[in-house]
Each structure stands twice: as structure tokens, then as C-alpha cells.
Amino acid sequence: MEYERVKKLLDSRGQSQLLKYYKELSEEQRAVLLGEIEKLNFSVVESINNSSENKNLENIRPICVKSVGDIEENKDVYTEEGLKLLRENKVAAVLLAGGQGTRLGFDKPKGMFNIGETRELSIFGQLMSNIERVTSQSGRQFHLFIMTSAENNGDTVSFFKENDYFGYTADKIHFYIQDTEPACDFNGKIFLSEKHRVAQLPNGNGGWYSSLINSGYKELLEREGIEWLNVFGVDNVLQSICEPAFIGATSLSRSLCGAKVVKKVCAEEKVGVLCELDGKPGIVEYFEMPAELNNMRGADGELVYCYGVILNYLFNVKALDGAVAEKLPYHLAKKSITHIENGKPVKPQEPNGYKFETLIVDMFEYMGSCLAYEVVREKEFAPVKNKVGADSVQTARELLKRNGVKL
Ligand code: UTP
């Protein structure tokens with residue numbers, strides 16, 4: 001009976017291939033498959049032909065930035081305010097570690113990658129030592145949420161355990177698995193990852209807050225009175241996390257979020273740019289920025305849109321609750337998706353379909369106000385994106401060494 005209902009649903013959605021192997025399955029496997037299909041969000045997949053990737057840039061303006069110089073002048077006031085909030089337990093951090101890290105080509109979670117040269121130093125280890133700098137200054141450990149994916153959660157949790165949580169209090173670290181969306185081929189047909197499993201992939205880093213709430217952490221946030229969340233990416237090994245001056249400056253500016261930015265090295269640098277869109281803060285990704293705006297220079301010869309984000313943001317929790325109620329748009333990412341074909345698993349080398357992602361950069365326009373907080377890139381920005389070349393293991397190692405980290 002249940003089968004009939006699901007079959008009807010799939011026929012009406014043009015997805016009947018999901019039942020191709022149904023007859024071969026055990027009773028248990030059939031129940032798993034039907035259960036997964038019933039929970040699927042078909043509308044995401046059906047949006048492939050009308051998803052608009054283009055932001056409206058008609059009313060784009062550069063954003064006012066708290067520059068490195070401004071920050072230096074008020075550093076003590078900002079730091080004091082940030083330390084106060086940290087000591088009152090009002091700030092927690094969220095590490096985004098649910099990505100696939102395909103560009104690095106490492107088959108474990110990216111955070112487990114060893115960036116040491118003469119010693120073992122994982123990316124996670126380096127981030128935890130950056131955290132330690134702040135907790136020893138404030139004298140208080142903050143809650144740290146770590147978002148993983150269904151695929152890398154087991155390895156990530158075991159790695160932290162094996163490393164004794166890098167000296168952090170285990171009870172203050174909370175792992176959660178990010179939500180997924182179905183993956184499909186270029187014609188919108190959803191893949192099977194096994195004969196009885198629908199292919200589902202992490203829903204992009206924009207899913208970080210809804211996944212946190214769906215994982216049941218709302219209660220902890222409320223019980224502990226956490227007002228701010230410092231969200232950061234796994235790849236930037238130099239960044240400081242829950243930096244008191246950043247927290248203090250954002251809170252004192254009465255903004256509902258803050259974003260660390262660096263001056264772009266050149267117009268072509270592949271970072272999102274923080275600006276104002278229709279009078280609200282917004283981030284325009286490098287691939288969305290028309291060349292004419294990207295290369296525009298002011299009277300001083302500087303790029304007009306020169307402030308790139310580094311995936312280190314501070315969000316006010318109350319404002320986030322409003323923002324997640326708004327629907328973030330889905331972006332299509334072309335990926336190589338492992339799936340079942342003619343009864344066998346296929347692992348393509350080239351992209352063969354779409355993954356659906358919401359992006360954290362799209363959250364800003366719902367926040368209403370944002371403090372752009374400039375940091376010195378040589379001290380705060382060393383992303384490990386690629387194996388070699390720009391933003392690679394090699395460039396990150398160089399920057400770490402220049403900042404006195406023994407590798
Ligand atoms: P990237 O955009 O670099 O994506 O993620 P990625 O999947 O890690 O790497 P590539 O593109 O396949 O090489 C930026 C940050 O967002 C996190 C990543 O872990 C990283 O910290 N992220 C990304 C998630 O947590 N979930 C996602 O679904 C995607």
C-alpha cells in the first residue's frame with residue numbers, strides 16, 4: 001500500500017527511477033528507501049531550470065568599513081567590551097566543517113589535514129590553538145559548535161576524541177550534522193547512492209543555523225544566554241576566533257552582525273565582496289561581480305569594491321531567528337556525484353550533476369545591519385583551499401611561519 005502511494009508521488013514528480021531496484025531489496029531496505037523518498041524536498045530539484053543565480057546589483061554601493069587604523073585607535077575599548085561578553089558567556093563559536101574539500105583532494109575531513117612540516121599539526125589542531133589564545137586571555141572557555149556532514153562526522157568526532165579535544169573541555173564542544181538536499185543529474189533526475197538510498201548531499205554552508213536548530217541546540221543557546229555566534233570556516237588557519245575586539249566593536253556599533261574583511265590583493269582575487277545592496281549589507285561573490293564593477297577605482301586609485309570577506313562572521317542570535325525564517329535561495333553546484341548506474345556504484349571524475357546549496361553570504365541582507373571589520377590579511381588570512389598554487393597548503397604554511405607558528 002505504502003509502495004503504491006510513493007510510486008504515485010514519484011510518477012507525478014517524474015522521479016520513478018528511484019524505485020528501479022525496489023524488487024531486489026529486502027523488506028528492511030524497502031522501508032528505508034520509502035522513508036527517505038517521503039521526506040524529500042522535490043521543489044529544490046524542480047527549481048533547476050528557473051533558479052536565478054544573478055543578484056540585482058542596480059543599487060550597489062561600497063560599504064563603510066571600520067579600518068585597521070580606526071580599530072587600533074579604539075582597541076582597548078573594543079577589547080574590554082568583547083572580554084566582558086565572553087566572560088558573561090554570551091558568545092559561542094561555530095566551526096563550519098561540513099564541506100567536501102574537493103579542491104584539496106584529501107579523502108578525510110579537511111580539518112584532519114596535516115599542515116605541519118617537522119611535526120604533526122592538523123588544521124583542527126591549529127584552529128584550536130588559535131582558540132586557546134583567546135580563552136587564556138578571557139580566562140573562560142566558550143561553547144564551540146562544530147558542523148560536520150553525514151559523510152565526515154564519524155571521522156571528525158573520533159579525531160577530536162583521539163586528540164583529547166586539543167586540551168579543550170569536551171563538554172563545551174558540540175558536534176552536529178548538517179542537513180542535506182537530494183542530488184540529481186543535469187536533467188533533474190535524483191540519483192540513488194545505493195540501491196535503497198537516495199543520494200543526498202550537505203545543503204551548503206548557509207544551512208549552518210537551521211541545522212544547528214534542527215539538531216536541538218536552541219535549548220542550549222537559550223539556557224546559557226548565548227547572544228552572539230562567531231561563525232568561521234575550517235580552511236583559514238591564521239584566523240583568530242572569538243577575537244574580543246571584533247566582538248566588542250560589533251556589539252558597541254549596535255550592528256546585528258559583523259564580518260571580518262581584508263583588502264583584496266587584486267581585482268581578480270576570488271573572494272566575496274562586502275558591500276551595500278539596496279541600502280542593506282550584502283556579499284557579492286567574485287563570480288557574480290561584473291568586470292566593470294570589479295575593476296572600478298576611486299579617485300585615490302584604490303579598488304572601490306575592495307573589501308573581501310574571509311568567512312569569519314559574528315551573528316546576533318535573536319536577529320538570526322528572524323533571518324532563517326526567510327528563505328535563502330538555492331545555488332546549483334556542479335559536482336562529481338557518486339551514484340548507482342546499471343546496478344553498480346559509479347564514481348565519476350568529472351561533474352555529472354547538481355548539488356543544492358544555500359550560502360552563508362546570502363544571510364547578510366536579512367540581518368539588516370553589519371559591521372565591516374578590517375583585519376590585516378598577513379596576520380589573519382591563510383586559506384587552505386587548493387593542493388598547490390594560490391590559497392594552497394604551501395601559501396598557508398608560509399604565512400603561518402611568518403606569524404611565528406612552528407611547523
Ligand atoms: P568551501 O566553499 O570552500 O567548500 O567551504 P568545500 O566543500 O569545503 O570545498 P571545495 O569547494 O569542495 O573544495 C567554505 C566553508 O564552508 C564549509 C566548509 O567546510 C568550509 O569551512 N561548508 C561548505 C560546510 O560546512 N558545508 C557545506 O555544505 C559547504
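Order of listing sets the numbers, starting from 1, for every ligand and every atom in it. Basis for what follows: all heavy atoms, side chains included, without hydrogens, waters or symmetry-related copies.
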Ligand 1-proximal atoms of Leu311, by part, heavy-atom distance under 4.0 Å: side chain
With heavy-atom distances below 4.0 Å as the criterion, list the atoms of ligand 1 near [X].
| X | result |
| --- | --- |
| Lys335 | 12 (O) |
| Pro202 | 28 (O) |
| Lys355 | 28 (O) |
| Gly204 | 27 (C), 28 (O) |
| Gly233 | 21 (O) |
| Val234 | 19 (O), 21 (O) |
| Gln178 | 24 (C), 25 (O), 26 (N), 27 (C), 28 (O) |
| Gln100 | 6 (P), 7 (O), 8 (O) |

Parallel, tilted or perpendicular: rings of Tyr354 and Phe186 (30°, 60°): perpendicular
Mutual orientation of the aromatic rings belonging to Tyr217 and Phe145 [parallel < 30°, tilted 30-60°, perpendicular > 60°]: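 Aromatic pair Tyr217/Phe145 classed perpendicular.
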With respect to [X], determine whether any N or O atom, backbone or side chain, lies less than 3.5 Å from an N or O atom of ligand 1.
| X | answer |
| --- | --- |
| Gly98 | yes |
| Lys110 | no |
| Asn203 | no |
| Lys385 | yes |
| Leu104 | no |

Pair Phe315 + Phe364: ring centers closer than 6.0 Å: yes
Protein residue, atom and distance nearest to atom 2 (O) of ligand 1, heavy-atom basis: Arg103 NH2, 4.0 Å
Protein residue, atom and distance nearest to atom 12 (O) of ligand 1, heavy-atom basis: Thr102 OG1, 2.3 Å
Reference residue Leu144; test side-chain contact (heavy atoms from CB on, under 4.5 Å); the match among Lys172, His174, Met128: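 Answer after filtering Lys172, His174, Met128: Met128.
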For [atom], which of [options] has the closest heavy atom?
| atom | options | value |
| --- | --- | --- |
| atom 16 (O) of ligand 1 | Asn205, Leu359, Val231 | Asn205 |
| atom 9 (O) of ligand 1 | Gly101, Gly99, Gly105 | Gly101 |
| atom 17 (C) of ligand 1 | Val361, Thr148, Leu96 | Leu96 |

Considering all heavy atoms, the nearest Gln137-Thr79 contact: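 In this case the closest contact between Gln137 and Thr79 is NE2-CG2, 3.8 Å.
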Shortest non-hydrogen separation from Met363 to Leu320 and the atoms involved: CE-CD2, 3.7 Å
Donor-acceptor pair between Thr148 and Asn153 side chains, under 3.5 angstrom: yes
Pair Asp179-Asn203, side-chain donor/acceptor within less than 3.5 Å: no
Cationic tip of Lys264 above Tyr305 ring, under 6.0 Å, 45° of axis: no
Partners passing ring-ring contact (aromatic ring centres under 6.0 Å, His included) against Phe175 (at least two apart in sequence or in another chain): Phe160
Verdict with reasoning, Asp155 to Met112, per side chain to side chain contact (heavy atoms under 4.5 Å, CB included): CA-CA 9 Å; Asp155 281 341; Met112 287 172 62; 4.1 Å; yes
Glu181 near ligand 1 by a heavy-atom separation under 4.0 Å: no
Main-chain N/O of Ile247 paired to Ser251 side chain as donor or acceptor, under 3.5 Å: no
